[in-house]
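Below: the structure, in C-alpha cells.
All figures in this text were calculated on a predicted structure; none of them were measured in a lab. We number each residue from 1, following the sequence as shown.
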Amino acid sequence: MTALEIIGFALTILAIALAARSHVLTWPLQLVASVLYVWLFAQFNLFGEATLQAVYAVLAVYGWLQWRQRRLDATTVVKLPVQRLSRNEWWLINGVGVLATAAVANLQIHFLPTDVPVLDSAIFVFGLLAQWMQAKKRLENWPYWIVLNLLASGVYFYKSLHITGVLYLLLAGLAVWGWRNWQRELAAA
C-alpha cells in the first residue's frame, strides 16, 4: 500500500459518490484519480487497466463538458437528463464489447507480460463503454459498473493491490446506490 494508492482510493470514492448524486464535480475528481491510477497500474503490469485509466482521464473531461449546465436564456438552465439506452445502443455496446475484448486480449497475450489478459481486457473494454454511458447519463452504466468493479476487485486482490481491491468492492456498492438514485431521477423527470 502506497500513498499514491491511498490518495487514489479516497478521490475515487468521493468522485463516484458525487456521480451517484449526478453532481458535476465527479468529473475533475475522476480525472485526478485516473491519472494517479495510470501510474500505479503500470507498476503492476496491469496495462489494460493503466490504459483504461488514461482514457478515463480523457473521458472525464468529456463527461465534465457533457454534464455542465447550459443556459437557454437568462432564466432557464438545462441539465443533461438521465436516459435509458435504446435497444440498438445496448446491442451495439455489447457486440463491440465482446469483439474488442477478444482483440485486446489477443494483443496482450502476444505482446505484454500480463498473467490476466482476458480479465484485464474485459475490464478495459467494458470500462470504456461504461464510462461513455456515464458521461452520456445512461442509466445502464451502473449495472455494468457493478459487474466490472467486482471483477476488477478480484484482479487487484490477486495482484496484491489490497486497498484497491477493497476500493472496487466499495465502488460496486456505490454503483448500486447510483443506479437507485438515477432510477429515481429518471422517474421524476
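- Contact between Gly127 and Leu52 at its shortest, heavy atoms only, is C-CD1, 3.8 Å.
- Not a single donor-acceptor pair under 3.5 Å links the side chain of His23 to the backbone N or O of Ala19.
- For the 3.5 Å distance criterion, the side chains of Thr26 and Gln30 qualify, holding a donor opposite an acceptor.
- At least one side-chain heavy atom of Val104 sits under 4.5 Å from a side-chain heavy atom of Phe124.
- In this structure, Phe41 has its ring center under 6.0 Å from that of Tyr156.
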Worksheet item: Can you list the steps and then say if Ile93 with Met133 is a side chain to side chain contact (heavy atoms under 4.5 Å, CB included)?
Response: CA-CA 10 Å; Ile93 284 169; Met133 286 187 279; 3.8 Å; yes

Practice prompt. Test side chain to side chain contact (heavy atoms under 4.5 Å, CB included) on Gln53 and Val35 and set out the steps.
Written response: CA-CA 7 Å; Gln53 292 295 326; Val35 170; over 6 Å; no

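- Checked by atom type and distance alone, the side chain of Glu140 pairs as donor or acceptor with a backbone atom of Leu85 at under 3.5 Å.
- Under the 4.5 Å side-chain criterion, counting only non-hydrogen atoms from C-beta, Leu151 is in contact with Val147.
- Of all the heavy atoms in Trp145 and Ala175, the pair that sits closest is CB-CB, 4.0 Å.
- Between Ile16 atom CD1 and Arg21 atom CZ the span is 14.5 Å, to the nearest 0.5 Å.
- Between Leu46 and Lys159, the closest side-chain pair of non-hydrogen atoms falls below 4.5 Å.
- Rounded to the nearest 0.5 Å, atoms CZ (Phe157) and CD1 (Ile163) are 10.0 Å apart.
- The main-chain N or O of Thr164 is found under 3.5 Å from a side-chain atom of Glu5 such that the two form a donor-acceptor pair.
- Using a 4.5 Å cut-off on side-chain heavy atoms (C-beta onward), Arg138 and Trp182 make no contact.
- Remark: Trp39 CH2 is loosely packed, at most 12 non-hydrogen atoms of other residues, nucleotides or ligands lying under 6.0 Å away.
- A continuous path of hydrophobic side-chain contacts links Val125 to Trp90 [ILVMFWY only; heavy atoms under 4.5 Å].
- At least one donor-acceptor pair closer than 3.5 Å links the side chain of Arg68 to the backbone N or O of Leu65.
- Residue Thr101 comes nearest to Val118 through the heavy atom pair CG2-O, 4.2 Å, listed as atom of the first residue, atom of the second, then distance.
- Taking all atoms of both residues into account, the shortest heavy-atom contact from Ala33 to Gly8 is CB-O, 4.2 Å.
- Note that the OG atom of Ser121 and the CG atom of Leu112 stand 9.0 Å from one another [nearest 0.5 Å].
- If you take CZ on Phe111 and CG on Asn106, they are separated by 8.0 Å, rounding to the nearest 0.5 Å.
- Within the 4.5 Å cutoff, the side chain of Gln131 has no heavy atoms near those of the Val55 side chain.
- No side-chain heavy atom of Tyr168 sits less than 4.5 Å from a side-chain heavy atom of Leu150.
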Worksheet item: Could you go step by step and tell me if Thr12 and Leu171 meet the side chain to side chain contact (heavy atoms under 4.5 Å, CB included) rule?
Response: CA-CA 8 Å; Thr12 302; Leu171 291 177; 3.7 Å; yes

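- Contact detail for Asp115 and Tyr158: the closest heavy-atom pair is OD2-OH, 2.7 Å.
- No path of Ile, Leu, Val, Met, Phe, Trp and Tyr side chains, each step under 4.5 Å between heavy atoms, connects Leu29 with Val61, placing them in separate hydrophobic clusters.
- Cation-pi check for Lys137 over Trp67 is met; the charged atom lies under 6.0 angstrom from the ring centroid and within 45 degrees of its normal.
- Remark: side-chain polar atoms of Asn94 are not paired, donor with acceptor, to backbone N or O of Trp91 under 3.5 angstrom.
- For the side chain to side chain contact (heavy atoms under 4.5 Å, CB included) with Leu174, the lone residue among Ile146, Ile13, Asn149 that qualifies is Ile13.
- Using a 3.5 Å distance cut-off with no hydrogens or angles, the side chains of Arg184 and Asn181 do pair a donor with an acceptor.
- A continuous path of hydrophobic side-chain contacts links Val32 to Leu4 [ILVMFWY only; heavy atoms under 4.5 Å].
- Note on Leu11: it clusters hydrophobically with Leu40, by side-chain heavy-atom contacts below 4.5 Å among ILVMFWY residues.
- Residues Glu89 and Lys136 are not paired through a salt bridge, judged by the lack of any N-O separation under 4.0 Å between the basic side chain and the carboxylate.
- Across all non-hydrogen atoms, the minimal contact from Tyr37 to Leu167 is OH-CD2, 3.1 Å.
- Both Trp177 and Leu186 belong to a common hydrophobic cluster when Ile, Leu, Val, Met, Phe, Trp and Tyr are linked at side-chain heavy-atom distances under 4.5 angstrom.
- Two residues are said to be in side-chain contact when any heavy atoms from C-beta on lie closer than 4.5 Å; Trp27 and Leu18 fail this criterion.
- With a 6.0 Å radius and a threshold of 12 heavy atoms from other residues, nucleotides or ligands, Trp64 has its CH2 atom at or below the threshold.
- Note: Ile123 CD1 to Leu128 CG = 12.0 Å, rounded to the nearest 0.5 Å.
- In Tyr62, the OH atom is crowded: over 12 heavy atoms of neighbouring residues, nucleotides or ligands sit closer than 6.0 Å.
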Item to complete: Apply side chain to side chain contact (heavy atoms under 4.5 Å, CB included) to Trp179 and Leu139, showing your working.
Response: CA-CA 7 Å; Trp179 193 13; Leu139 176 66; 3.6 Å; yes

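- Atom CG of residue Leu129 and atom CD of residue Gln134 lie 13.0 Å apart, to the nearest 0.5 angstrom.
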